[in-house]
Amino acid sequence: MKLPSLYLRPSLLMASLVIQLITVVVASGGGSGTTSSTAAAAAAPTKKYNAMFTFGDSMDETGNICVGSSNKTELNVLTCTHPPYGETYFGRPSCRWCDGRVVVDFVGCKGYVRKSLFMFGAYGGNDYNVQLLERGLTPEQAMNYTPKIVGAIANGVVKLIALGAVHVVVPGIFPTGCLPIFLSLFGDGDADLDDAGCLKAYNLLTKYHNSMLRKQVEALQRRHRNSTRLMYADYYGLVYQMVQEPHKFGFSAPFEACCGAGGGKYNFDLSARCGMDGATVACRDSSARLSWDGIHPTEAANKVIAGALLRGPYCTPPILS
């Protein structure tokens with residue numbers, strides 16, 4: 001089944017566009033409001049970083065997608081502009097693909113480049129979405145694109161360092177095979193599931209990407225050890241643990257989307273996604289759910305992820321170490 005193209009954020013990392021944006025920030029002297037993190041959290045690392053700049057996909061979106069467009073018709077197509085998105089924290093849709101805040105909202109602070117924290121990603125998820133959902137490739141076939149995707153991410157990090165960034169977090173991607181969207185599309189019948197209930201082949205693709213990315217980050221860590229603090233964020237390891245032991249984190253039904261009108265085991269249907277007609281009311285308690293809309297985490301899950309990045313153990317080294 002083909003995912004509507006308007007539902008996907010742009011795919012393969014456009015490093016040159018990212019670097020152009022950073023160059024503008026450097027030239028203007030930094031300052032608040034230039035990039036995506038708009039809400040400071042109580043646990044923000046203000047004692048260490050003066051600013052935070054985030055580049056990523058819909059997992060990291062904090063509203064720029066709406067700020068940067070005046071086309072109301074185009075924005076109306078995006079389900080994140082409709083209730084119940086934003087109900088937990090903002091009380092209205094904020095153009096975040098979540099019921100409230102995302103990871104960078106909990107991690108964010110204000111200031112300048114050399115004393116700033118850069119979140120470079122997570123990139124790659126949408127690249128694989130295009131291959132798997134738009135083009136109909138198998139996970140094995142999608143692996144052929146992994147070197148190109150990871151190489152583009154690494155090149156972007158190198159250019160970011162060259163512009164003066166000192167503190168850079170490079171996250172891996174979530175376990176694709178555990179997301180309700182993929183389970184609903186490919187998890188029925190004789191699908192090969194692991195002990196946790198996730199699709200083995202799709203998680204193998206994710207692990208392949210993350211392993212290759214981590215090696216690139218480690219190589220860059222060695223190369224720039226005297227000038228740059230590079231951190232690898234293990235989104236896969238943490239989210240997979242949350243799927244395996246949801247109650248340990250205060251969650252239930254880890255494979256069931258909180259918002260949507262799909263019903264069934266995963267509460268996900270492409271034609272009845274969160275924010276569409278008939279799907280404008282979320283589950284009773286989103287704080288007890290891992291998945292918000294079948295693709296993106298809830299605010300509660302994002303808060304757990306942020307804590308693990310700030311203090312460890314799923315960020316090497318932890319941001320606040």
_Residue list, side-chain contact (heavy atoms from CB on, under 4.5 Å) with Glu256, at least two apart or on another chain_ = Ala253, Asn267, Arg289

_Using the side-chain hydrogen bond (donor to acceptor under 3.5 Å, both in side chains) criterion, which residues pair with Asp269? Sequence neighbours excluded._
Ser271

*For Tyr240, the rest of its hydrophobic cluster, which grows through side-chain links under 4.5 angstrom*: Tyr236

*ILVMFWY clustering at 4.5 Å (side-chain atoms), partners of Met276*: none

*Who pairs with Lys200 by salt bridge (charged side-chain N to carboxylate O under 4.0 Å, His left out), at least two apart in sequence or on another chain?*
Asp192

*disulfide (SG to SG under 2.5 Å) partners of Cys98, counting only residues at least two apart*: none

*Which pairs count as ring-ring contact (aromatic ring centres under 6.0 Å, His included) when at least one residue sits in residues 200-233, sequence neighbours excluded?*
Tyr128-His209, Phe182-Tyr202, Phe186-Tyr202

_Taking side-chain hydrogen bond (donor to acceptor under 3.5 Å, both in side chains) as the definition, give me every residue that meets it alongside Thr88, ordered by chain and number, with sequence neighbours left out._
Asp99, Ser286

_Please enumerate all residues that pass salt bridge (charged side-chain N to carboxylate O under 4.0 Å, His left out) together with Asp285, with sequence neighbours excluded._
none

_Ser211: side-chain hydrogen bond (donor to acceptor under 3.5 Å, both in side chains) partners, not counting sequence neighbours_ = none

*Sequence neighbours excluded, every pair satisfying disulfide (SG to SG under 2.5 Å) that has a member inside residues 155-246*: Cys178-Cys198

*Please list, chain by chain and in numerical order, all residues satisfying salt bridge (charged side-chain N to carboxylate O under 4.0 Å, His left out) with Glu245, sequence neighbours excluded.*
none

